[in-house]
2 protein chains.
Amino acid sequence: MISKGFKWVFRSPPRLLLIGFACIILAGTILLKLPAATAAEETTSWIDALFTATSATCVTGLVTLDTGTHWTTFGQIVILALIQIGGLGFMTMATLFAFFLKRKISLKERLILQEALNQSSMEGIVRLVRRVIVYALSIQLIGALLLSVRFLFDMSPGRAIYFGIFHAISFFNNAGFDIMGHYKSLTDYVGDPLVNIVTMLLIILGGLGFIVLSDLIDWKRTRRLTLHSKVVLSMTGFLIGFGALVILVFEYTNAGTMEPLSFGEKLLSAFLQSVSPRTAGVNSLDLASLRQATQFFLVLLMFIGASPGSTGGGIKTTTFATLIGAVYAMMRGKDDVVMFRYRLAQERVYKALTVTLLSLALVLVATMILSTTEDHHFLEILFEVTSAFSTVGLSMGLTLELTLVGKIIIIVMMFIGRVGPLSMGYAFGPKPGRTLYRYAEGKIIIG
Amino acid sequence: MISKGFKWVFRSPPRLLLIGFACIILAGTILLKLPAATAAEETTSWIDALFTATSATCVTGLVTLDTGTHWTTFGQIVILALIQIGGLGFMTMATLFAFFLKRKISLKERLILQEALNQSSMEGIVRLVRRVIVYALSIQLIGALLLSVRFLFDMSPGRAIYFGIFHAISFFNNAGFDIMGHYKSLTDYVGDPLVNIVTMLLIILGGLGFIVLSDLIDWKRTRRLTLHSKVVLSMTGFLIGFGALVILVFEYTNAGTMEPLSFGEKLLSAFLQSVSPRTAGVNSLDLASLRQATQFFLVLLMFIGASPGSTGGGIKTTTFATLIGAVYAMMRGKDDVVMFRYRLAQERVYKALTVTLLSLALVLVATMILSTTEDHHFLEILFEVTSAFSTVGLSMGLTLELTLVGKIIIIVMMFIGRVGPLSMGYAFGPKPGRTLYRYAEGKIIIG
Ligand SMILES: [K+]
Ligand SMILES: [K+]
């Protein structure tokens, strides 16, 4: 009976991924529920422990309790461990252990890894995983050093180093957790160039995905990028630049956000606010004071999210690029979606369509349900749900006032968002099979 | 110079359609601006005349002035004429004239008609147009008779007949205009079975599209339906039934809408409210009092809209069905989108994707702009913009408080929504051409 269950789990990589994630969240919940995790004079309910563990493991960053003041250092380290495991991917961690134990990696483990990293070709996966760890830890280390130096000006050395490490790990993993206290995030550092630039670089590098990182590091030697990297880099650059411009225009005269800042600070905050929703979840401007148009624009950026195989969520930059490519091709009467002089297979376009529509349906249904359980404005709810689904972690304030049903729905959205709606479908849907016959073509009128 | 301009217009059917629509709207604006159109003690500004003419010609039904009290009978008849011209399609009207004049229809005119009716095969278009007129007028006549009989109980015979004709034409054309006065729409008749059922039938028949109507009328003889009709009818049935269920569940205990009604009246209003957003625009419940979840659900129904070649707007039922089919195929690992044992060409799926994404982008951008110009909640603005784009005509009250910029944007959305975003693209975009070579396949990672 039990062995049958194990077989059922191990036969499907997406299923294994999903159950692995669930186990880590469960373990995290129990650790966070320990009295040692909660600061004196605070109490932690099971639902809040589950919420925090899910948010950390799924690198979302939505919190019902203030990370800086509610938890003890032990509690914060549990959260940090969940972030690192969730962010670098628990499958990558499993390989790491295998690597240290000098065990050979079996074909099955390779296949599972392939799913975890969403890689098309299986070759080089193992080599890649080793590099993932090395690169990730190196980048985090540099980030931690730079942030610690800056924090030395504001706090004791021990605290500065701890803060540097915590935030570097959190930012690189696009986790959005901060221990500044009182839900402040980076609002105290809105005009600080070092903190802002290091934060943005950590977020961007974490959100590019390891394949692109690897490609970039090899560039000195190979002098060429894969199509995937080209699409990711150009789309990321476009979204950051265009996003910052839109935010700057909408908020320039808003007294509640940018108006009091100098031009340099305005620029810095516009860029941070453009980078962060995809999908880091730190903020230097007060989100609730933003104009409605800006808030909705952030919802769109959150929905698009980061790049595949990264620490971020959302439908992904490549999916968005494919959709635009398909619309462009259709408008020009072309049969193929072409990018950088390569055409995409039809199956890729259908996959992009599927990911987008499933994600949209999930976000909209969850928003509709929360609209009946929470007594908040629609846009706040849409913002919260999209933030959870894309594992962003920004909130206009709803998280702190969620009802029990609301918390459960947000937990489910964070989980599905991190695992991916397609993986969820593959994990529980019937085994896909090919058909040996085709039906005759029929005609219907579209649009 | 002028002849060159004419040539430029006539060379492209979508361009001709678009300019034809614009001319009708312009003529309507001038007629509505005449003193004879406005009731004593009222004044009509140019922007409101343009807004009303656009709303009538595009069969939207959003109004900045109360149709029942602001306009004279002459003004109302101008509106009714614009509705009938816009609804049956000005190209169909052109054929009607040609038909009466016994002129032969040229190949170019046929091509333009094909575009207007969005028909794939050109054969039978002319025959179809004749039937369109006969069917539409017959259905409107029966509807007008039934409504007039009911209105006899509440008003003088002459008025009852006028009201019957006006509303039958407005409902069949999915125009959403009413002359009940004081923006009441059908709220006075929330529990009246005859008015509700006749209204729903007129809306549904008008929204099916003439191809399906024609197919249905031939059914007695042929005993078979085309694939297009099957998809339209099953999707329409599903959306109406599912929509009514969701509205009933969300609103059952809402004291501002359904709670005071008897169960029969609850059912009737749920069905009317499910039928109407796709895309008739009459309402028997107070939209502003609906729960947020219901309001957002109506936004989704509005966005989907009616069926192709009908008097309604939206992305269309067949487009929605194709998207669902594509997701289903992808999840099951199939290459083809299959409906009723026919597969759809890849080009159809791309077209569905394009129509949906362009529509979504338009609605979202317009919503974002209105969020900065109008001091209203996001959901009210989203509701208004979707209603305009899908030519529905429902409003939570924003129409009456629109700023000048807001009115202009809503006018543009009504126009693009009626002409169709794809036609807009074809009208002004470069001439589509085939490529003679294909690029090599490249791989990117999706989702
Ligand atoms: K995050
Ligand atoms: K309408």
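Basis for what follows: all heavy atoms, side chains included, without hydrogens, waters or symmetry-related copies. Letters go in sequence order (proteins before strands), and every chain restarts at 1. Quick caveat, the model's predicted, so the values are computed rather than measured.
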The interface call for A/V232 against chain B, heavy-atom contacts under 4.5 Å, is neither
Max heavy-atom pairs within cutoff under 4.5 Å with chain B, candidates A/S359, A/A329, A/S371, goes to A/S371
Okay, A/L370 and chain B: the region with an atom under 4.5 Å from a heavy atom over there is neither
Between B/T367 and B/F378, the two heavy atoms sitting closest are CG2-CE1, 3.6 Å
So, the part of A/F250 with a heavy atom under 4.5 Å from chain B: the answer is side chain
Here the gap from A/I304 atom CD1 to A/F320 atom CZ, rounded to the nearest 0.5 Å, amounts to 4.0 Å
Output for pair (B/L287 CG, B/E380 CD), nearest 0.5 Å, gives 11.0 Å
Turns out that what part of A/I324 lies under 4.5 Å from chain B's heavy atoms comes down to neither
In terms of heavy-atom contacts, A/M396 and A/Q295 come closest through CE-NE2, 3.3 Å
Rounding to 0.5 Å, atoms OG1 (B/T322) and NZ (B/K351) come to a distance of 10.5 Å
Rounded to the nearest 0.5 angstrom, the CG-CD distance for B/L398 and B/E374 is 5.5 Å
Given A/L364, A/T226, A/I381, A/L358, the one with more heavy-atom pairs under 4.5 angstrom with chain B than any other is A/L364
Among B/I369, B/L323, B/T372, B/T317, the residue with the most heavy-atom pairs under 4.5 Å to chain A is B/L323
Looking only at A/T356, A/T294, A/T354, most heavy-atom pairs under 4.5 Å shared with chain B are made by A/T354
